[in-house]
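Scroll down for the structure; my scribbles are underneath it.
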Amino acid sequence: MDPAHEKPTGDVPAKEVSAAGLSHSGGAIPAEATSSRPPSSNPEKPADNSSIDKTEEKINIPDADDKQEDPLAHLPENDKAIIKRQIDIPDVKVTFFNLYRFASTLDLVLVFIGVVTNIISGAILPLMTILFGSLAQVFQDFALNKISPNHMQSEIDRFTLYFVYLAIGEFVMCYVGTVTFIYTGEHVAQRIREEYLRAILRQNIGFFDKLGAGEITTRITADTNLIQEGISEKIGLTLAGLATFFTAFIIGFIKSWKLTLILCSTVVAITLVMATGSSFMIKFNKKSLNSYGEGGTVAEEVISSIRNATAFATQDKLAHQYDAYLAVAQKWGTKVKMSIGVMVAGMMGIVYLTYGLAFWQGSRFMVNGEANLSEILTVLMAIMIGSFSLGGIAPHTQAFATAVSAAAKIFSTIDRVSPLNPDSEEGEILNKVEGTIELKGIRHIYPSRPTVEVLKDMNLLVPAGKVTALVGASGSGKSTIVGLVERFYEPLEGQLFLDGHDMSKLNLRWLRQQISLVQQEPVLFGTTIYQNVCHGLIGTEYENATEDKKRELVVNACEMSNADGFIQTLPEGYETNVGERGFLMSGGQKQRIAIARAIVSNPKILLLDEATSALDTRSEGVVQAALDAASKGRTTIVIAHRLSTIRNSDNIVVMSKGEIVEQGTHEQLLEKRSAYYELVEAQRISAEKDDKMAKEGISDESEPDDDEKLKLTVTRSHASGKAPEDPEDRIKLSRTGTGVSKSSEALAGREAEMKQSYSLSTLIRLVASFNKTEKIPMVIGLIASVVCGAGYPVQAVFFAKSIVSLSKPPSEYDQLRKDANFWSLMYLMLAIVIFIGYASQGVSFAFCSEALVRRVRDNAFRSMLRQDIEFFDREENSTGALTTFLSTETTHIAGMSGVTLGTILIVTTTLASSIILGLVMGWKLALVCTATVPLMLAAGFWRFYILAQFQQRAKSAYEKSGGYACEATAAIRTVASLTRERDVWATYHTQLEEQGRKSLFSVLRTSSLYSLSQSLMFLCMALGFWYGGTLIRTNEYDMQKFFIVFAAIIFGAQSAGTIFSFAPDMGKAKHAARELKNLFDRKPEIDTWSIDGESCPSITGSLEFRDVHFRYPTRPEQPVLRGLDLTVKPGQYVALVGASGCGKSTTISLIERFYNPLVGGVFVDGREISTLNLNEYRSHLALVSQEPTLYQGTIRDNILLGCDNPNITDADITAACTAANIHDFILSLPEGFNTLCGSKGTLLSGGQKQRIAIARALIRNPKILLLDEATSALDSESEKVVQAALDKAAKGRTTVAVAHRLSTIQKADVIYVFHNGRVVESGTHRELMARKGRYWELVELQSLEKRQ
């Protein structure tokens, strides 16, 4: 397995991660809250409350030596064995024949047929050389008057018929050979895909913690495609190539063994040239890909945090960083293309040298009587065909090696024995389940984090039918208990009992069917709501019930989970599709559907792992009520960060560092005034008594509110695809009398943005504009191309002259040797000229196309960063899609650059000059031969096009089914807890079957074209020889005329056909150019490049929203703000609170001018912000968001990104860091400000990242500070430190803060309470509490007063 996958985080060895900044109490996610993520992504660490500073302020810079150590070295043998069993993957040695492990008998029979037919089809090609030689001999005999005209005609007819027979044989063999291999390749690969998915679904969860979800995705899509490539048409092509090679040399050795041996030097030369060339290519390509990869990481980081880059106007700085990597990549890329150019030049040179050698040496053998003309020509042609067929095999062998290495990884998973196999029938099944769970002496370590002991000697009894709650700091082992009850892991010591039966003896599938799990981040599958809830019925007696019965159960479950209400309001009700991973639903909706899924089967045991922590107070109340109803009469284990949710539990267990500290009811524990009491205090909000010190809250990993959530999901991937707006049609509307909302009126007036279509000439001009500076190399390349193209007709003249000189009668042998020597030297001259031509063409175009790709990438990246946020919200512009666009489309565009132009020039020069030469020499034959040119060209083009099609089809065919399999494996915990394994496999199997049927038809069609292209050449040559022979017989032509015309046109057309293989795909290039032109021409409505707008060198910081209406462009049916009025005075600290989806985060986005309001306006200092200069206006703002974004680079670089001012002193940086409470921590690091943050800041903890983000905001010295839930993702410890930093930062400037946790904003000057996109209450904390309105209700919901 490649080492990158073994480490939980990219830059830190696994052993170190637990100590790394990522993991302590300040992790960006409460470590316990991640039961749905592989634990490896954020190691738990017992929270040490006493030493908050010590835990918070550690970071570790990995040691080089740590990589080699065995992470399990410190464990006793027994523990080691248990952990190894859960994560070890066997090493499987795979040979090529193992790829056919899963083949059926029919597959193997077809493979055998394919092998035979391909060998025959390969052997047919060299047989043509015998005919060629024999016909030349007939012409010579006729010229020397050895045979009569009639005898000559009958010979010509006989050989012409042989050509036709060869053509038919080639067509049939090629067709059968291609179809059988493609069919078996597809079928065997399908079986491997199915076996792999089946194997994946039966693995234990520990196995997935070690692998990223991405790795499985790669295996199931890319790696199985690689195997399919290795066992499909490439085997046929290779066998045919080998057959051609051996047949050609056998023919050569039979005809004239001496000459054949001498010409074998060609093979050696070609092999050497290719080997040297490709070794350079591989070396340079690796370096080029590395720097593109690093550049790609920069691009991905920037695009995924585009709001941050926009808010801080760092686009230009970040684009410079990206360009620095592109410059390095350009250097190596140029070298790659140069080596290709020189390699092609070498091959072309060798061809002409071989002709020269053959005629020179052949003439000597002829004079000595050791060979005749027929033999010399047959040997020459055979060697040429044979050696080039060998060259064509090399690329395919690569595919076999790749297939074998891909199979090794896949087969190792298929052969792995899972210690916890949900598919096995072993283990006992109880007749009746009460639901009492008991843990005895449990000790547990996560296989992915062997250094941390998560549970130590845990004894716990969970009585049947009662609610048991687990509370404690992050990393105390709460989620671990849930994982052990579900048997996701094996404990190192101790046992778990269900009703007194040892769980490890029970059947795993059956056990999981008795348990329902609701996780913090519920995973829904991409199907309807009804189907999602039905997944909960798998394994129950209702699994195969009638539709009506199922529907009744589903509706009941949804009513219980409070989901029925919102489902009924949806247009399609229960048939609404929830989108991939449920992205079309808000957090609260997903959670309620997940709860319905959990209770629909009426399980005996219900596990709730922070089921409400991702919700805001309002949705939480609804979901909590649903959970309370659901847990009645079942054994329930609840994990909660928010203590208000578990007040009514039958038993509350307080945990710390993997041990139980105390347990009892809410009242009993409060009276003890111990750990639980402290947790409650930490979360209490000072209700009436105005405490001098506002006490801070405890983590609840608050989710972005729905409205923010929408932005995130849309940015991640899917938008509803509604038309975005057209800037011209921005309308300001006054209040209208009808019942239509203002927003919908404003939206109705907008036109959809259309993708433009461009003419080819426009696109070519666009591409040319990027190569303006490379005019000289361009011209050199184009001249060289013309020279190369003229090579063929010149060679045709030399060829004919050489044959004529070898046709002299014995009396003129002296002259014959002289002529042969002369023409051989001419061939040497031609070889040198052609080598220089191809080499200079290759080198100059290498230079141009790499410069082009770099400029296009740089411009495309800058154009992306120029776009407004709405652009990134759209489904088609997810981070993944845009980074892929940058890496692939920009390279495709090279297909329209000089290289292609060069290829076209070579082809046109070759064809034009050959045809002109033919017409001048003998117009009759020339016209007949020219008629075959389109066919020859088409055949050459078809060959490459269809081979490319085969590969393309194989790839795209499996995208959909691959996506389905990935969705299931990414949510493996959910699949396992629902025991959906067989269900997932069955669906996957059906998808593949359907795919296989479809592709069989397309293969039958395309293979016929391919086979036709292979056999056309024989027919064209037959026509040429037959007609030419007739002309010679009537003495209209002599041999010289015939061979010049024939060689020029037929061979010229053939070579022009093969050129297509060098031409990069034009179609892709055109598509890429169109996409780029669209991107470059898209002028966003809110344009960061624009210099328009009033200047605002300074502002006082007063803000006002006047009747603002807003909807997200990607979800125009969903009103977000409906007439928002809001005023902020300079220097005020204003807090926005309210339920999810009420428009708090949207308000922040509108202040930053990420969007324009549909109606109404946002005013700063009385001026509407859309009239101000955008960049100047944003320079007065600073944004600190929920997820702090850091980029690769040092802490200093990251802080400096906050400011454009070049003359910032170290004192300024120090001041900003001190204000952000992070200065001392930075100085405590060995490298200080030069410490690297890692990709996306992974080397720092959540709290540290957040404070660096604050320092970055403060270095701008902003007039307005925007805090969007800046502390919600932190736990209590880090939150105190960060909150203190924020309070300090807010002094003396206007601050707008959004908070879910009300304890953080009690000191605000004004609190605005939002509801449904309007402000419903405002005032200070005390005023609002006294009013007992909506704010009071929110506080009450979050408060944990011990009710009297």
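All values reported here derive from a predicted model rather than from experimental measurement. Basis for what follows: all heavy atoms, side chains included, without hydrogens, waters or symmetry-related copies.
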**Prompt:** Run the side chain to side chain contact (heavy atoms under 4.5 Å, CB included) check on Val302 and Val298 step by step: do they pass?
**Reply:** CA-CA 6 Å; Val302 176; Val298 171; 4.2 Å; yes
**Request:** Go through the steps for Thr762 and Leu766 under the test side chain to side chain contact (heavy atoms under 4.5 Å, CB included), then give the verdict.
**Result:** CA-CA 6 Å; Thr762 316; Leu766 167 78; over 6 Å; no
**Asked** Quick one: salt bridge (charged side-chain N to carboxylate O under 4.0 Å, His left out) pairs with a partner in residues 845-854, sequence neighbours left out?
**Response**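 Found Asp323-Arg854, Lys337-Glu850.
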Indicate the atoms forming the closest heavy-atom contact of [X] with [Y], along with that distance.
| X | Y | answer |
| --- | --- | --- |
| Val273 | Met343 | CG1-O, 3.7 Å |
| Ala345 | Ala839 | CB-N, 3.5 Å |
| Phe312 | Gly1202 | CD2-CA, 3.8 Å |
| Ser291 | Trp332 | OG-CD1, 4.5 Å |
| Ser863 | Leu1079 | CB-CG, 3.9 Å |
| Ala1255 | Ile1222 | CB-CG2, 4.4 Å |

Check whether any side-chain heavy atom of [X] sits under 4.5 Å from a side-chain heavy atom of [Y], and report yes or no.
| X | Y | result |
| --- | --- | --- |
| Glu294 | Val328 | no |
| Ser339 | Phe284 | yes |
| Gln330 | Leu326 | no |
| Tyr838 | Val342 | no |
| Cys1217 | Ile1226 | yes |
| Phe770 | Val853 | no |
| Glu889 | His1071 | yes |
| Leu865 | Asp316 | no |

I need the [X] [atom1] to [Y] [atom2] distance, nearest 0.5 Å.
| X | Y | atom1 | atom2 | value |
| --- | --- | --- | --- | --- |
| Asn877 | Arg874 | CG | CZ | 6.0 Å |
| Thr1189 | Asn308 | OG1 | CG | 4.0 Å |
| Asn290 | Asn285 | CG | CG | 10.0 Å |
| Cys1203 | Ile1259 | SG | CD1 | 6.5 Å |
| Leu226 | Lys409 | CG | NZ | 9.5 Å |
| Met778 | Phe847 | CE | CZ | 11.5 Å |

**Message:** Can you list everything that forms a salt bridge (charged side-chain N to carboxylate O under 4.0 Å, His left out) with Glu774? Sequence neighbours excluded, please.
**Reply:**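 Glu774 satisfies salt bridge (charged side-chain N to carboxylate O under 4.0 Å, His left out) with Arg855 once adjacent residues are dropped.
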**Request:** Not counting sequence neighbours, which residues clear salt bridge (charged side-chain N to carboxylate O under 4.0 Å, His left out) with Arg1196? List them please.
**Result:**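 In terms of salt bridge (charged side-chain N to carboxylate O under 4.0 Å, His left out), with neighbours along the sequence ignored, Arg1196 is linked to Asp1210.
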**Asked** Within the distance-only criterion (no hydrogens, no angle test), does the side chain of Gln1250 pair as donor or acceptor with the backbone N or O of Ser1185 below 3.5 angstrom?
**Response**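 Yes.
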**Asked** Are the side chain of Asp209 and the backbone of Ser448 linked by a donor-acceptor contact shorter than 3.5 Å?
**Response**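 Side chain of Asp209 to backbone of Ser448, a donor-acceptor pair under 3.5 Å: no, none is there.
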**Prompt:** Is the cationic atom of Arg857 (NZ for Lys, CZ for Arg) positioned less than 6.0 Å from the six-membered ring centroid of Tyr292 and within 45 degrees of its normal?
**Reply:**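 Positive - Arg857 is close enough to the ring of Tyr292 and near enough to its axis.
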**Message:** Tell me whether the NZ or CZ atom of Arg1082 lies within the 45° cone about the ring axis of Phe871 and under 6.0 Å from its centre.
**Reply:**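 Pair Arg1082/Phe871 does not count as cation-pi.
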**Item:** Leu782: side-chain contact (heavy atoms from CB on, under 4.5 Å) partners, not counting sequence neighbours
**Value:**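 Leu782 satisfies side-chain contact (heavy atoms from CB on, under 4.5 Å) with Phe845, Leu901, Leu905 only.
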**Prompt:** Applying the side-chain contact (heavy atoms from CB on, under 4.5 Å) test to Arg1256, which of Leu1190, Thr314, Leu1200 qualifies?
**Reply:**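 The residue from Leu1190, Thr314, Leu1200 that satisfies side-chain contact (heavy atoms from CB on, under 4.5 Å) with Arg1256 turns out to be Leu1190.
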I'd like to know whether [atom1] of [X] has more than 12 heavy-atom contacts from other residues, nucleotides or ligands below 6.0 angstrom.
| X | atom1 | value |
| --- | --- | --- |
| Phe280 | CZ | no |
| Ile776 | CD1 | no |
| Phe1154 | CZ | yes |

**Derivation and outcome, side chain to side chain contact (heavy atoms under 4.5 Å, CB included), residues Glu1231 and Ile1195** = CA-CA 10 Å; Glu1231 311 264 320; Ile1195 293 181; over 6 Å; no
**Asked** So, are Arg866 and Asp1087 salt-bridged, with charged N and O less than 4.0 Å apart?
**Response**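 Judged by the 4.0 Å cut-off on N to carboxylate O distance, Arg866 and Asp1087 do form a salt bridge.
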**Message:** Which residues pass the side chain to side chain donor-acceptor pair (under 3.5 Å) test with Thr1194, not counting sequence neighbours?
**Reply:**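 For Thr1194 the side chain to side chain donor-acceptor pair (under 3.5 Å) partners, ignoring immediate neighbours, are Asp1197.
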**Asked** side chain to side chain donor-acceptor pair (under 3.5 Å) with Lys335: which residues, sequence neighbours excluded?
**Response**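 Side chain to side chain donor-acceptor pair (under 3.5 Å) check on Lys335 returns nothing, list empty.
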**Message:** Are Phe1233 and Phe1225, when compared by the centres of their aromatic rings, separated by less than 6.0 Å?
**Reply:**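 No, ring centres 6.0 Å or more apart.
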**Request:** Assess whether side chain to side chain contact (heavy atoms under 4.5 Å, CB included) is satisfied between Phe885 and Met864, documenting all intermediate values.
**Result:** CA-CA 11 Å; Phe885 178 87; Met864 280 177 190; 3.4 Å; yes
**Item:** Residues Tyr758 and Asp1081: side-chain donor-acceptor under 3.5 angstrom
**Value:**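 Yes.
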